[in-house]
Amino acid sequence: MEQALAHTKFHLGYFTKFGPPAWRAESDRTHGDDWWTGQHFAKLGRRLEKSFFDFMFFEDSVNVSRVYQNSMDADLKFAIYTPKHDPLQLLPYLAGQTERIGLIGTASTSFYPPYLLARALSTADSLSSGRVGWNMVTSSERDAARNFGMDALPSPIERYDRADEFVELAKALWDSWEEGSLVIDQETNTYIDPSKVHAIDYVGKYHRSRGPLNTLRSPQGRPVLAQAGASDRGRDFAAKHADAVFALTGSGIEEMKALRSDLRARAKSHGRNPDDLKIFWATPAYITQGGGPVDRSFSDSEFVRIVAWWSTFFDLDLSNYDLDNPMPEGVTAMGHTSMMNQLQTWGRDMGVTLRQGLTMMAQGSDEIGIAGPAEKVAANLVAAMDEVGGDGIMILSNDVGNERFVSSIVDELVPELQRLGVVRTSYSGATLRENLRAF
Ligand SMILES: Cc1cc2nc3c(=O)[nH]c(=O)nc-3n(C[C@H](O)[C@H](O)[C@H](O)COP(=O)(O)O)c2cc1C
């Protein structure tokens with residue numbers, strides 16, 4: 001007898017930032033308003049852990065934005081990019097407040113010295129018993145560059161070239177302590193076996209380091225590496241290095257499928273097993289009680305916030321363009337080039353205006369059905385993952401993560417996904433990397 005085809009199992013991640021968690025929510029906007037103490041995220045982490053999320057992820061940036069209308073006002077008033085505290089400081093605190101959930105923080109290859117970051121992440125991986133990940137970003141904000149003594153950032157391609165070297169170097173540093181290097185043997189008076197710790201003598205075009213690290217080899221050897229580049233160069237960087245890729249769903253199922261198979265093919269061409277690279281689709285999830293559709297249009301002041309937000313994202317002041325016409329061709333963004341190309345393509349092929357395009361990008365793809373009662377959203381996510389092939393869903397909570405939102409995810413959506421047998425009901429591994437590789 002033919003067996004019914006099982007659904008594709010998938011992983012769960014939770015997207016947030018070390019900043020105000022709910023300032024754009026419809027109600028209860030002051031929820032978690034002592035976020036800077038870290039306690040809000042500790043509580044959140046414990047709840048997500050009960051739902052067996054693979055990880056919570058903290059996006060980050062290091063600037064107060066002045067791109068929109070050449071002023072900091074919109075950023076500060078609407079709390080768009082600012083305030084954000086340093087997620088790398090938060091991870092060790094959360095490591096002590098949670099037990100199993102993975103903890104992924106963002107840090108920029110354009111600003112950190114590689115040795116310092118490799119050491120900080122190794123330390124955090126040890127503190128968390130192997131639950132730490134690093135979202136490797138190259139940053140795209142000129143305002144951030146100016147905070148580090150640069151007038152501007154290098155071009156996107158050069159940023160990725162530097163990042164490639166950075167990560168190669170960091171990997172060499174993490175591997176500079178072999179497994180078994182820690183001995184702690186009183187009889188031979190040996191704490192560390194010197195034959196198992198090596199200089200790396202890395203000399204690249206952009207970075208140099210003698211090594212080795214002065215931290216012990218961490219439980220995962222190196223942190224889980226995550227990345228979200230979508231351009232050709234960004235995909236190649238991800239395929240070469242990343243354990244997890246964060247991607248948007250904005251262009252729908254066919255594009256999601258194409259991106260996944262492209263990334264897997266690229267991983268293979270780098271000599272990797274494509275199954276070691278997991279793609280997490282970043283998606284909002286609006287669980288409604290009654291079953292009616294959710295109003296996802298934006299008020300005028302919310303839309304100002306969105307335009308200011310994308311201006312910073314693109315490092316291009318969108319207030320200079322007509323919102324009710326397509327994004328002009330030939331305009332280049334300093335950051336998120338693939339999203340700018342998307343806006344221009346939509347404009348050229350479908351007459352989508354800048355206002356419509358930004359709204360579509362801010363809302364995520366309708367195709368994967370992100371609004372409705374838990375049963376409906378769960379069924380849509382399952383159908384999308386069946387179609388796309390995997391590998392994970394990362395729930396976007398940024399600025400809407402009030403109590404109602406969190407409980408709609410952990411008390412309604414996840415139990416339904418568990419009932420359908422598509423997400424885990426226990427942690428299978430001891431480390432984040434092990435969890436990503438098995439259910
Ligand atoms: C889900 C997701 C999360 C991201 N998180 C960050 C972040 O925390 N910090 C950052 O500077 N960029 C972040 N980015 C931007 C990416 O690192 C990358 O610059 C962007 O996707 C554009 O890639 P591209 O230049 O290859 O087109 C994120 C992107 C996505 C889709």
Side-chain angles (χ1 to χ4, degrees), residues 13-19 55-63 65 67 80-82 84-88 90-91 103-112 133-145 147-148 153-164 166-167 225-242 244-251 255-256 259 262-263 266 278-284 309-310 312-316 332-345 361-362 364-365 391-399:
Y14 190 90
F15 179 113
T16 185
K17 65 178 177 185
F18 191 7
F55 60 80
M56 57 196 307
F57 158 59
F58 295 88
E59 60 99 344
D60 197 33
S61 48
V62 279
N63 58 298
S65 177
V67 178
I80 303 175
Y81 258 57
T82 311
K84 270 182 212 163
H85 287 197
D86 184 348
L88 290 195
L90 182 62
L91 301 190
L103 306 164
I104 302 182
T106 299
S108 176
T109 54
S110 295
F111 306 132
Y112 257 101
W134 167 33
N135 178 32
M136 311 177 289
V137 298
T138 61
S139 300
S140 48
E141 303 89 5
R142 207 173 343 158
D143 289 323
N147 291 338
F148 294 88
L153 282 164
S155 69
I157 297 287
E158 188 181 340
R159 293 206 298 272
Y160 276 121
D161 289 345
R162 296 175 67 100
D164 238 332
F166 189 119
V167 178
L225 300 178
Q227 212 272 334
S231 59
D232 184 58
R233 186 67 183 84
R235 290 182 189 198
D236 207 54
F237 175 67
K240 188 169 165 193
H241 299 293
V245 172
F246 301 151
L248 297 174
T249 62
S251 333
E255 297 263 331
M256 291 165 71
L259 174 60
D262 179 51
L263 280 169
R266 287 177 195 245
K278 303 293 186 199
I279 299 159
F280 280 81
W281 304 99
T283 177
W309 190 78
W310 280 102
T312 302
F313 234 46
F314 289 142
D315 208 3
L316 179 77
T332 49
M334 267 309 275
H336 304 264
T337 46
S338 47
M339 304 297 283
M340 176 54 80
N341 293 341
Q342 178 76 78
L343 274 179
Q344 287 161 333
T345 307
M361 293 201 301
S365 168
D391 302 282
I393 292 289
M394 180 163 66
I395 305 286
L396 288 168
S397 77
N398 255 21
D399 307 315

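Here the structure is a predicted model, which is why all the values come from computation and not from measurement. Ligands are counted one by one from 1 in listed order, and the atoms in each one are counted from 1 as well.
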Quiz prompt | Top protein contact for atom 31 (C) of ligand 1, by heavy-atom distance | solution = L248 CG, 3.6 Å
Quiz prompt | Protein contact to atom 20 (C) of ligand 1 [nearest heavy atom, distance to 0.1 Å] | solution = H336 ND1, 3.2 Å
Quiz item: Looking only at N/O atoms, are S231 and ligand 1 under 3.5 Å apart anywhere?
Solution: yes
Quiz item: For ligand 1, which atoms, with element, lie under 4.0 Å from some heavy atom of T106?
Solution: 7 (C), 8 (O), 9 (N)
Practice problem: Hey, can you tell me if F246 and F57 have their rings parallel, tilted or perpendicular (30° and 60° cut-offs)? | Solution: tilted
Exercise. Measure up the Y160 and F237 rings against each other and bin them: parallel (under 30°), tilted (30 to 60°), perpendicular (over 60°).
Key: tilted
Quiz item: Using 30° and 60° as the class limits, which term best fits the ring planes of W310 and F314: parallel, tilted or perpendicular?
Solution: tilted
Quiz prompt | Minimum-distance protein heavy atom relative to atom 12 (N) of ligand 1 | solution = V137 CG1, 3.7 Å
Practice problem: Could you tell me which atoms of ligand 1, counted from 1 in the order shown, lie closer than 4.0 angstrom to a heavy atom of F246? | Solution: 1 (C)
Quiz item: Is the F15 to F280 ring centre distance short of 6.0 Å?
Solution: no
Quiz item: Atoms of ligand 1 less than 4.0 Å from F15 heavy atoms?
Solution: 1 (C), 3 (C)
Exercise. Work out which heavy atom in F58 is nearest to a heavy atom in F18; give both atom names and the distance.
Key: CD2-N, 3.7 Å
Practice problem: Return yes if some donor-acceptor pair links the side-chain N/O of T109 with the main-chain N/O of V137 below 3.5 Å, else return no. | Solution: yes
Quiz prompt | Distance from atom 23 (O) of ligand 1 to nearest protein heavy atom, with residue and atom | solution = A230 N, 3.4 Å
Quiz item: Heavy atom of F237 under 4.0 Å from ligand 1?
Solution: no
Quiz item: Should S61 be listed as contacting ligand 1, given a heavy-atom distance under 4.0 Å as the test?
Solution: no
Exercise. Of the side chain and backbone of N135, name the one, both, or neither that has a heavy atom under 4.0 Å from an atom of ligand 1.
Key: side chain
Quiz item: So is Y160 in contact with ligand 1, going by heavy-atom distances below 4.0 Å?
Solution: yes
Quiz item: What heavy-atom pair brings G105 and P87 nearest, and what distance separates the two atoms?
Solution: CA-CB, 4.3 Å
Quiz item: Quick one: does S338 get an N or O within less than 3.5 Å of an N or O on ligand 1?
Solution: yes
Quiz item: Please state which protein non-hydrogen atom is closest to atom 29 (C) of ligand 1 and give its distance, to 0.1 Å?
Solution: A228 CB, 3.4 Å
Quiz prompt | Nearest atoms (heavy-atom pairs only) where W134 meets T106 | solution = CD1-C, 4.4 Å
Quiz item: Which pair of non-hydrogen atoms, one from V245 and one from A238, has the smallest distance, and what is that distance?
Solution: CG2-CB, 3.8 Å
Quiz item: Does D60 approach ligand 1 within less than 4.0 angstrom via side chain, backbone, both or neither, non-hydrogen atoms only?
Solution: backbone
Quiz item: Are N63 and R142 side-chain neighbours, meaning at least one heavy-atom pair lies under 4.5 Å?
Solution: no
